[in-house]
Trainee: 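Before I ask anything, let me first share the structure, which is written out below as structure tokens.
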Amino acid sequence: MHKQDFSSTPVGWVVEMTARNQSLMLKFDLLKTHNKARLGKLHTKHGVVNTPAFMPVGTCGTVKAMLPESVAAAGAEILLGNTYHLMLRPGEDLVAKMGGLHKFMNWDKPILTDSGGFQVMSLSGIRKLTEEGVTFKSHVDGKKFFLSPERSMEIQHKLDSNITMCLDECTPFPATHKEAEKSMQMSMRWARRSKDAFVDRDGYGLFGIQQGSVYQDLRQISADKLKEIGFDGYALGGLAVGEGQKQMFEVLDYAPDMLPEDKPRYLMGVGRPDDIVGAVLRGIDMFDCVMPTRSGRTAQAFTKYGALNIRNARHREDNRPVEEGCDCPLCKSYTRAYIHHLQKCNEVLAIMLLTWHNVAYYERLMKGLREAIAGDSLDSFVAQFYQDQKKGDINEQN
RNA sequence: GGAGGGGUGGCAGAGUGGUCAAAUGCAACGGACUGUAAAUCCGUCGACGUUAGUCUACGAAGGUUCAAAUCCUUCCCCCUCCA
């Protein structure tokens, strides 16, 4: 039902690596590789996602401060929703009643939902963890909510999520080898239960999540277990939780290689632009992060020449756009001086425009990476990226 | 003309003898943000000095006191009510 059109890709000699003799329902075409970097296409019921892909985060059924139309216009082909938050409000049954999350929020492209696994870590103060699952004391009204792998699958199914994530425990950092192993092993048991409870549908899929903190042997055990169960895609979890880029890259130097080559690899929660570039070079296909949207609300603008704190006094009389050549509404029509002014006045428009710009920046970066892989120019693209990012300070001096 | 209230750091506003270079909020300046409890959080915010510390400061000028933003005297200015 999702016919591949290889003739439209920039490369005519596409390598088709997708295993066809399987029952899984989410199709991934690995089109090309350059060293470890990969170019691909992920086919879902709601459309195609070109990888490497960045997914804006829309936790509560909205990418904060953006219309779904704008998210699409900024170049996003898929976005995130969140099981925990939508379970609390408005509840998965209501979303289902309203026709599913796509219809409810007016986004007809693919949606990936996180399972609540991140909240197991981020809301550790208001939850209780057992082998059976996790009980949250709602941060909204204190009501108790129980989330098990089975419940998480049920909720994500009712939300009509294209990509369901296994319920896991995002292992906090730092963790001792013993702690990381215990946590990872439970996540693997939960992965088994998630798979058993997941309902297969055409154009929908389930991703497993590798854990193991920064320990190579644990990452291997986790990967082996996930492969044994079998998933439509494989995520790397428990990274970008405080270990720093150097240590994260050390893990990424080996962890993606432990996962099946013909399935998408998703690095959860990452990251800054340079994190993403480094991870693509290490074989990651999918990313999500609150960075562009949250930063849009906290006055940080990402640009080719590095990040700008738009609140800084030096922008007060700067009549240049935030980023020369960017075609987002902020850069097309407004100056740094104006967005600085809006930000200083706490105007919502500052948040809207900066968020849009940041999402557009991220999506442009991903497009650049995809085109560079397709056009055999990834090395020079990446070299230029780092050179431009470093140039930031000089660019700011005029 | 009569009665009363008040002048504190960029602003608002605590403080009424030593623990005050002066609470708190705002503004200003800078930083952080990674599967979103975030339009959030953190730091700095009289001057000089890295620190110890020194100096200048609560309308102005005098005074009382070991010690004054705080008490007294005079002056200047603002506000409210009554005529």
Side-chain angles (χ1 to χ4, degrees), chain A residues 54-66 78-86 88-89 112-127 136-142 145 152 156 161 163-173 187 207-211 233 235-245 247-248 266-276 278-279 284 286-302 307-316 340 342-355 358 362:
Chain A
F54 179 80
M55 310 182 275
V57 178
T59 304
C60 294
T62 167
V63 175
K64 293 185 195 297
M66 283 186 88
I78 174 171
L79 54 75
L80 247 72
N82 181 277
T83 300
Y84 167 81
H85 289 279
L86 292 170
L88 260 54
R89 292 183 300 198
L112 179 151
T113 43
D114 187 31
S115 59
F118 184 71
Q119 280 65 42
V120 174
M121 179 186 78
S122 68
L123 302 182
S124 60
I126 55 169
R127 58 84 172 146
F136 290 97
K137 214 173 154 208
S138 161
H139 71 277
V140 180
D141 61 6
F145 285 85
S152 186
Q156 294 181 72
S161 170
I163 301 178
T164 292
M165 299 304 299
C166 285
L167 185 64
D168 67 333
E169 183 195 11
C170 180
T171 307
F173 183 87
S187 286
F207 279 25
I209 306 173
Q210 182 199 48
Q211 292 290 345
L236 294 87
L239 290 172
V241 287
E243 75 281 6
Q245 190 188 69
Q247 238 183 316
M248 180 173 81
Y266 163 28
L267 178 56
M268 304 186 78
V270 171
R272 291 193 229 96
D274 57 321
D275 293 331
I276 289 176
I284 301 295
M286 298 166 69
F287 302 86
D288 80 282
C289 191
V290 302
M291 191 65 69
T293 44
R294 180 178 290 171
S295 290
R297 282 174 277 124
T298 60
Q300 184 170 46
F302 292 95
L308 255 44
N309 184 341
I310 214 67
R311 220 165 31 208
N312 289 169
R314 68 177 196 271
H315 304 302
R316 215 164 69 82
H340 170 82
L342 290 181
Q343 166 58 226
K344 286 288 195 184
C345 295
N346 289 320
E347 287 293 335
V348 288
L349 185 58
I351 285 170
M352 293 165 60
L353 289 172
L354 274 176
T355 301
N358 283 341
Y362 266 69

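Each chain gets a letter, A, B and so on, in the order its sequence line appears, and its residues count up from 1.
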Trainee: Which residues pass the side-chain hydrogen bond (donor to acceptor under 3.5 Å, both in side chains) test with A/Ser124, not counting sequence neighbours?
Mentor: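 In terms of side-chain hydrogen bond (donor to acceptor under 3.5 Å, both in side chains), with neighbours along the sequence ignored, A/Ser124 is linked to no residue.
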Trainee: Would you list the protein and nucleotides 39-41 of chain B atom pairs, both N or O, that sit under 3.5 Å from each other?
Mentor:
{"residue": "B/A39", "atom": "OP2", "partner": "A/Arg297", "partner atom": "NH1", "Å": "2.8"}

Trainee: Just checking A/Gly125: base, sugar-phosphate only, or nothing, at a heavy-atom cut-off of under 4.0 Å?
Mentor: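 If one applies the 4.0 Å heavy-atom cut-off, A/Gly125 turns out to touch nothing in the nucleic acid.
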Trainee: Below the 4.0 Å mark, does B/G35 have OP1 or OP2 next to a side-chain nitrogen or oxygen of A/Thr59?
Mentor: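 No, no such contact exists.
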Trainee: B/G35 C1' sits how many Å from A/Leu239 CG, rounded?
Mentor: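 Answer to the nearest Å: 11 Å.
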Trainee: How would you label the contact of A/Asp288 with the nucleic acid (heavy atoms, under 4.0 Å): base, sugar-phosphate, or nothing?
Mentor: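 Result for A/Asp288 = sugar-phosphate.
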Trainee: Without placing hydrogens or testing angles, list every side-chain donor-acceptor pair under 3.5 Å for residues 55-64 of chain A, not counting sequence neighbours.
Mentor:
none

Trainee: Just to confirm, is there a sub-4.0 Å distance from OP1 or OP2 of B/U36 to any side-chain nitrogen or oxygen of A/Asn82?
Mentor: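 Yes, such a contact exists.
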Trainee: Do A/Asp168 side-chain and B/G35 base share a donor-acceptor contact under 3.5 Å?
Mentor: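 By the distance-only test, yes, there is a pair.
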Trainee: Anything under 30° is parallel, anything over 60° is perpendicular, the rest tilted; go ahead and classify A/Phe302 against A/Tyr362.
Mentor: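 A/Phe302 and A/Tyr362: perpendicular rings.
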Trainee: Contact class for A/Ile209 vs. all strands (heavy atom < 4.0 Å): base, sugar-phosphate, or nothing?
Mentor: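 Answer is base: heavy atoms of A/Ile209 come under 4.0 Å of a base.
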Trainee: Take atom C1' in B/G17 and the same atom in B/A69, then report the distance between them in whole Å.
Mentor: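 Between the two C1' atoms, the distance is 10 Å.
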Trainee: Which of parallel (below 30°), tilted (30 to 60°) and perpendicular (above 60°) describes A/His139 and A/His85?
Mentor: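 It falls in the perpendicular class, over 60°.
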Trainee: Rounded to whole Å, how long is the line connecting atom CG of A/Asp274 with atom C1' of B/C33?
Mentor: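 Rounding to the nearest Å, CG of A/Asp274 and C1' of B/C33 are 14 Å apart.
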Trainee: For B/U80, which nucleotide is its Watson-Crick or G-U wobble mate, given both distances must be under 3.5 Å?
Mentor: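 Pair assignment: B/U80 / B/A3.
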Trainee: Can you check the distance between B/A32 and B/A21, where both ends of the measurement are the P atom (answer in whole Å)?
Mentor: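 Per the computed distance, 34 Å lies between those P atoms.
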Trainee: With sequence neighbours left out, write down each residue that passes salt bridge (charged side-chain N to carboxylate O under 4.0 Å, His left out) with A/Arg272, or none if nothing qualifies.
Mentor: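 If we apply the salt bridge (charged side-chain N to carboxylate O under 4.0 Å, His left out) test to A/Arg272, skipping adjacent residues, the hits are A/Asp275.
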Trainee: Measuring from the side chain of A/Met291 (C-beta onward, heavy atoms only), which nucleotide among B/C33, B/G31, B/U36 has the closest atom?
Mentor: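 Given the options B/C33, B/G31, B/U36, the side chain of A/Met291 is closest to B/C33.
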Trainee: Looking at residues at least two apart in the chain, or sitting in another chain, which of them share a side-chain hydrogen bond (donor to acceptor under 3.5 Å, both in side chains) with A/Asp114?
Mentor: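 If we apply the side-chain hydrogen bond (donor to acceptor under 3.5 Å, both in side chains) test to A/Asp114, skipping adjacent residues, there are no hits.
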Trainee: For nucleotides B/A23 and B/C45, find the distance between their P atoms and express it as a whole number of Å.
Mentor: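 Nearest-Å result for B/A23 against B/C45 at atom P: 11 Å.
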Trainee: Round to a whole Å and report the spacing from OH of A/Tyr362 to C1' of B/C33.
Mentor: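 For the pair A/Tyr362 OH and B/C33 C1', the rounded distance is 11 Å.
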Trainee: Separation of A/Ile276 atom CD1 from B/U34 atom P, in whole Å?
Mentor: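 It works out to 14 Å between those atoms.
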Trainee: Closer than 4.0 Å, any side-chain N/O of A/Gln119 to the OP1 or OP2 of B/U36?
Mentor: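 True: A/Gln119 side-chain N/O within range (under 4.0 Å) of B/U36 OP1/OP2.
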Trainee: So do the side chains of A/Asp168 and A/Ser115 get within less than 4.5 Å of each other, counting heavy atoms only?
Mentor: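 Yes, side chains in contact.
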Trainee: Contact class for A/Lys344 (heavy atom, under 4.0 Å): base, sugar-phosphate, or nothing?
Mentor: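 Answer is sugar-phosphate: A/Lys344 comes under 4.0 Å of backbone atoms only.
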Trainee: Tell me the interatomic distance from A/Gln343, atom CD, to B/G31, atom P, rounded to whole angstroms.
Mentor: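 So the CD-P distance, A/Gln343 to B/G31, works out to 13 Å.
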Trainee: Which residues satisfy the side-chain hydrogen bond (donor to acceptor under 3.5 Å, both in side chains) test with A/Thr171, sequence neighbours excluded?
Mentor: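 With sequence neighbours excluded, A/Thr171 shows a side-chain hydrogen bond (donor to acceptor under 3.5 Å, both in side chains) to A/Ser183, given in chain and number order.
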Trainee: Could you let me know what B/U36 is paired to, Watson-Crick or G-U wobble, both distances under 3.5 Å, or none if it's on its own?
Mentor: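 Its partner: none found.
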Trainee: Check the distance between B/A32's P and A/Arg272's CZ and give it to me in whole angstrom.
Mentor: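 For the pair A/Arg272 CZ and B/A32 P, the rounded distance is 9 Å.
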Trainee: Is any side-chain N or O of A/Asn309 closer than 4.0 Å to OP1 or OP2 of B/G30?
Mentor: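 No, because none of the side-chain N or O atoms of A/Asn309 sits under 4.0 Å from OP1 or OP2 of B/G30.
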Trainee: Once rounded to the nearest 0.5 Å, what's the spacing between atom CG of A/Leu349 and atom CG of A/Leu342?
Mentor: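 Reported to 0.5 Å precision, the distance equals 5.0 Å.
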Trainee: What distance, rounded to whole Å, do you find between the two P atoms, one in B/U44 and one in B/G5?
Mentor: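 The same atom, P, in both gives a distance of 41 Å.
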Trainee: Write down the distance between CZ (A/Phe173) and P (B/U34), rounded to a whole number of angstrom.
Mentor: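 Those two atoms, CZ and P, are 15 Å apart.
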Trainee: Hunt down the Watson-Crick or G-U wobble partner of B/A47, both distances under 3.5 Å, from any strand shown, or write none.
Mentor: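 For B/A47, the partner nucleotide comes out as B/U54, under the 3.5 Å rule.
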Trainee: From CE of A/Met268 over to P of B/G35, roughly how many Å is that when rounded to an integer?
Mentor: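 A/Met268 atom CE is separated from B/G35 atom P by 10 Å.
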Trainee: Checking all strands, does A/Ser138 fall into the base, sugar-phosphate, or nothing category for heavy-atom contacts under 4.0 angstrom?
Mentor: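 Answer is nothing: A/Ser138 stays at 4.0 Å or more from every strand.
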Trainee: Does the structure show a Watson-Crick or G-U wobble partner for B/C11, both distances under 3.5 Å? Name it, or say none.
Mentor: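 Here B/C11 is engaged in a pair, and the nucleotide opposite it is B/G25.
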Trainee: Measuring only the P atom in each nucleotide, how far is B/C20 from B/G15? A whole number of Å is fine.
Mentor: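 Straight-line distance between the two P atoms is 15 Å.
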Trainee: Using a 4.0 Å heavy-atom cut-off, does A/Leu80 contact any base of the nucleic acid, only the sugar-phosphate backbone, or nothing at all?
Mentor: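 A/Leu80: backbone/sugar contact only, no base atoms under 4.0 Å.
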Trainee: Among B/C33, B/G35, B/A37, which is the nearest nucleotide to the side chain of A/Ser122?
Mentor: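 Selected nucleotide (nearest to the side chain): B/A37.
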